[in-house]
Structures are given as structure tokens and as C-alpha cells.
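Convention: sequence-line order gives letters A, B, ...; per-chain numbering from 1.
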Number of protein chains: 2
Amino acid sequence: MDIHERLLGAAAQVYAEAGYRGATTRRIAHEAGVSEITLFRQFGSKEALMLEALTAASRTAVLALPDVPVDPVRELTEWSRGRFETLFRIRSLLRKVMSEVEEHPEIIDCAKSYPRHPVSFLEQYVRRLQERGWATVDTHPKLAAAMLVGAIFSEAMVRDMIPEVYSYEIDEALDGYVRMFLRAIGCEAGSVEAGEP
Amino acid sequence: MDIHERLLGAAAQVYAEAGYRGATTRRIAHEAGVSEITLFRQFGSKEALMLEALTAASRTAVLALPDVPVDPVRELTEWSRGRFETLFRIRSLLRKVMSEVEEHPEIIDCAKSYPRHPVSFLEQYVRRLQERGWATVDTHPKLAAAMLVGAIFSEAMVRDMIPEVYSYEIDEALDGYVRMFLRAIGCEAGSVEAGEP
DNA sequence: CGGCAATGCAAGTAACCACTTACATACTCA
DNA sequence: TGAGTATGTAAGTGGTTACTTGCATTGCCG
């Protein structure tokens with residue numbers, strides 16, 4: 001692998017482990033199997049390296065939901081599962097970014113490089129359910145989306161920190177969240193199977 | 001105010017702003033209006049000071065829910081509001097603790113000094129709703145509680161970081177969350193007002 | 001072979017870190 | 001008053017940080 005890419009990967013990994021201050025150039029260089037000098041010759045400064053590394057690391061594609069809902073329970077469960085796994089995989093890095101936003105505002109700008117936020121994907125999906133009459137229209141689609149996405153986010157962030165509270169399995173939780181979410185927006189399994197207009 | 005307490009408060013505040021590594025003894029002492037020497041004479045080491053300061057700072061009482069549910073919408077909205085405000089007030093400190101758990105596991109032990117977790121309070125409340133027949137029993141009380149608490153937690157943590165996503169007002173959000181939560185557990189407004197046995 | 005760019009090693013710089021020593025000052029209470 | 005306690009100032013310890021300089025080594029390409 002290219003030395004440039006090895007440094008980028010090492011920077012993201014060490015940052016996820018130790019945060020900005022803890023991600024020393026010495027440690028990053030050692031992690032990449034490169035001398036510290038090479039790091040500075042390639043990137044000029046620690047700040048430039050970290051910005052490039054975090055931009056690359058947080059460029060995670062957001063799973064799409066189908067344009068035409070067919071099987072809400074299955075589609076939402078799969079989507080939630082993917083969303084959880086994405087967040088859980090980069091949870092250490094995300095926690096560091098969240099805790100350092102106030103000190104390094106430029107970091108979140110590169111972390112927000114995704115074109116659309118998952119909430120807006122789910123919000124759009126809820127609107128389509130409402131248009132088809134599969135969900136009642138008295139709930140705010142954005143609020144509903146934020147609730148499910150927020151619950152999944154919390155699972156990914158807190159689950160491994162307070163295991164005594166999150167005693168259930170994650171699959172059980174995601175399944176339960178999706179079913180409660182659908183009931184909350186008035187989308188019962190019966191109405192979908194009946195194929196209301 | 002006592003110098004001891006001033007140092008504890010300053011340590012918690014500076015930690016919330018800059019994290020463990022950023023909370024230098026010099027900065028803490030300056031924030032408390034005390035010389036750095038006094039800090040070391042009072043607490044011996046930075047680690048001892050931080051542990052005591054964070055234990056004191058995270059000792060926030062969890063609001064209780066009534067033993068006998070009377071008006072679920074009102075009771076849950078007030079509880080959610082209090083929960084959100086508590087989390088939002090200490091959000092900076094919480095983010096730092098979350099991001100440093102892996103490096104300083106001893107920190108979360110003092111942050112977990114609360115006797116009961118909010119999830120278990122809400123879980124118990126859902127069980128009482130089910131016992132009274134105000135909620136259906138096909139939902140797992142713990143999962144339902146985790147979903148609402150998780151959504152509130154996300155609002156408190158992320159709201160000020162990505163304002164373009166969280167465009168709605170927080171009161172509107174909490175109200176919507178509670179109503180969706182109640183529908184999710186099968187507790188419609190009608191069934192409560194009707195006073196089913 | 002010769003030049004050249006990328007990389008490494010050794011060493012050093014100025015700044016900052018947690019923490020200490022030595023000594024002066026102020027306040028309290030017997 | 002006088003002894004003890006808490007706090008201050010000044011200075012310095014050894015360690016770590018980001019970053020630099022000088023020079024040797026490697027490998028590739030013509």
C-alpha cells in the first residue's frame with residue numbers, strides 16, 4: 001500500500017483511539033511503519049494530515065431506502081441494521097469527533113461531507129408510506145425519522161459503555177424499534193397486507 | 001466559596017471544555033483563581049482531582065415517574081423534558097467522558113454513580129401502564145423505554161452539532177416523541193380517557 | 001553507470017506538560 | 001503574642017510535543 005494512504009489510515013485509527021491531542025505524530029508514524037520525518041514531508045503539518053484523514057474516514061455511504069415501499073418491516077429492519085453497523089464500526093472515531101467539535105470546529109465540516117443525512121432518507125420513506133395510505137398523516141415524518149435514527153444512534157454509541165443497561169441483543173432491539181416505529185406512524189402490518197389504496 | 005470546591009468546579013468545567021489531556025493543571029488553577037501549587041497540595045495529583053471533580057459533577061438525580069400513571073401524555077412529556085434538560089446541560093462533559101472511556105475506564109465508574117438508570121424508571125412506568133390495561137402487552141417494556149430515552153439522548157448530544165438536521169424546536173420534538181412512544185406501546189389517548197379496567 | 005527523488009537516522013529546537021523545592025506571606029486560634 | 005496552617009511567588013525538574021536540520025541510504029529510470 002502507498003505510504004500516503006498508510007499514513008491516512010494510521011492517522012484515522014490512532015485518532016479514533018486517542019483523540020486529536022493523543023494522536024501524536026510519533027504514534028501515527030509508528031502505526032504506519034514510517035518515520036516521523038516522512039509524515040511531515042508528505043503532509044506538512046499534523047493538522048493537514050488529520051483533516052485529510054478524517055475526511056476520508058467519515059466518507060461512509062448512507063444506505064438508501066427503496067423509492068417504492070413494498071415490505072416496510074423488512075426494508076426498515078435491513079436499513080436500521082446497516083445504519084447501526086456503520087455507526088458501531090466507527091463509534092470510537094465518532095465519539096472523538098463529537099467531543100472535539102467545540103475545540104476543532106473544522107473537523108466536523110469534513111465529517112459532514114455526506115451529501116444527505118440518514119434522517120432525510122427515512123423521512124422521505126415515511127412520506128411515501130403516508131402517500132400510499134399505509135401510514136396515518138397525523139405524525140410529523142421528520143420527527144418520526146429522528147426518533148428511530150436517534151434510538152439507533154444511541155445503541156451504537158452507548159451499548160458498549162453501559163452493558164448492564166443494554167442487556168438485550170442488538171437484533172432483538174432493532175426489530176423491536178422498527179415495529180414500534182411503524183405502530184407509532186400508524187402503519188400496522190394488517191393495513192399493508194390488505195393493500196389499502 | 002471554599003478553595004477546595006472552587007478547584008472541583010473549575011476542574012469539571014475545564015474538563016468539559018477541553019477533555020482530560022486539555023484540562024491542564026495550570027488552566028484549572030487559573031480558572032479557580034488559585035495558584036497551581038495549591039492544587040497539588042490539596043489533591044496530590046491531577047488524576048485524584050479529576051476523579052473527585054467528575055464524581056461530583058455527574059451526581060445528577062434522575063427524575064422519577066409517578067408510581068400510579070394518571071395522565072401519561074403529561075407525565076411523560078414533563079419527564080422527557082427534564083431528562084433532556086439534564087443531558088443537554090452537561091452535554092459537553094458527557095461527550096468528553098464518552099470519548100475517553102477507552103483510555104480512562106476509571107472515569108465512567110464515577111460517572112455511573114447514579115443508583116438507577118433512567119431506562120429502568122421508564123421501563124417500570126410502561127409495565128404499570130400495561131398492568132392497568134392502558135398499553136398492549138406485546139411490546140417489550142425495556143425496548144420501548146430504550147427507544148424513547150435513546151431518542152432524547154440523541155437530541156441532547158447532536159442537536160447543537162448538526163443544526164441543519166434538527167430544524168424543529170425541542171419542545172415540539174419531545175411532544176412528538178412522547179405521542180409516538182405511547183402509540184408504539186398501544187396506549188392511545190382514547191383508551192386512557194375511557195378508563196378501561 | 002549516474003543522477004534524482006523518496007525515505008531513514010541522529011540530533012536538536014522551543015514550547016508545553018505534571019509536578020517539586022525553597023522560601024515568603026497571611027490568617028487563625030490558643 | 002506566638003505557633004501552626006494555608007496560600008503565594010520564583011524557579012526548576014524531567015518528560016513529551018510538533019517540527020526542523022544535516023546527512024546517509026535506498027531504489028528507480030535513463
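One finds a salt bridge joining A:Arg74 and A:Glu78 here, because a Lys/Arg side-chain nitrogen approaches an Asp/Glu carboxylate oxygen to under 4.0 Å.
With a cutoff of under 4.0 Å to any heavy atom of chain B, the contacted region of DNA chain D is bounded 5' to 3' by D:dT7 to D:dA10. Interface limits on DNA chain C: the 5'-most and 3'-most nucleotides within less than 4.0 Å of chain B heavy atoms are C:dC17 to C:dT21.
With ring centers used as reference points, A:Phe88 lies under 6.0 Å from A:Phe84.
Around NE2 of B:His4, the count of heavy atoms belonging to other residues, nucleotides or ligands within 6.0 Å exceeds 12.
Residue B:Gln42 is the one, among A:Arg26 and B:Gln42, whose nearest nucleotide of DNA chain D lies closer to the 5' end (criterion: closest heavy atom).
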If you look only at distance, which donor and acceptor atoms sit under 3.5 Å apart when one is on a side chain in residues 140-153 of chain B and the other is two or more places apart or in another chain?
from     : atom 1 : to       : atom 2 : distance (Å)
B:His140 : ND1    : B:Lys142 : N      : 3.1
B:Lys142 : NZ     : A:Ser167 : OG     : 3.4

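Here A:Arg41 lies in heavy-atom contact (under 4.0 Å) with a base. At the heavy-atom level, B:Thr38 lies under 4.0 Å from the strands shown only through sugar-phosphate atoms.
When only modelled atom types and interatomic distance are considered, A:Ser92 and B:Glu102 share a side-chain donor-acceptor pair under 3.5 Å.
Panel note: side chain A:Arg128, backbone A:Val68; no donor-acceptor pair is recorded below 3.5 Å.
Of the options B:Arg27, B:Arg95, B:Lys96, a salt bridge (Lys or Arg N to Asp or Glu O under 4.0 Å) to B:Glu17 is made by B:Arg27 and by none of the others.
Remark: A:Lys46 fails to qualify as a cation-pi partner of A:Phe40 under the 6.0 Å distance and 45° angle criteria applied to the six-membered ring.
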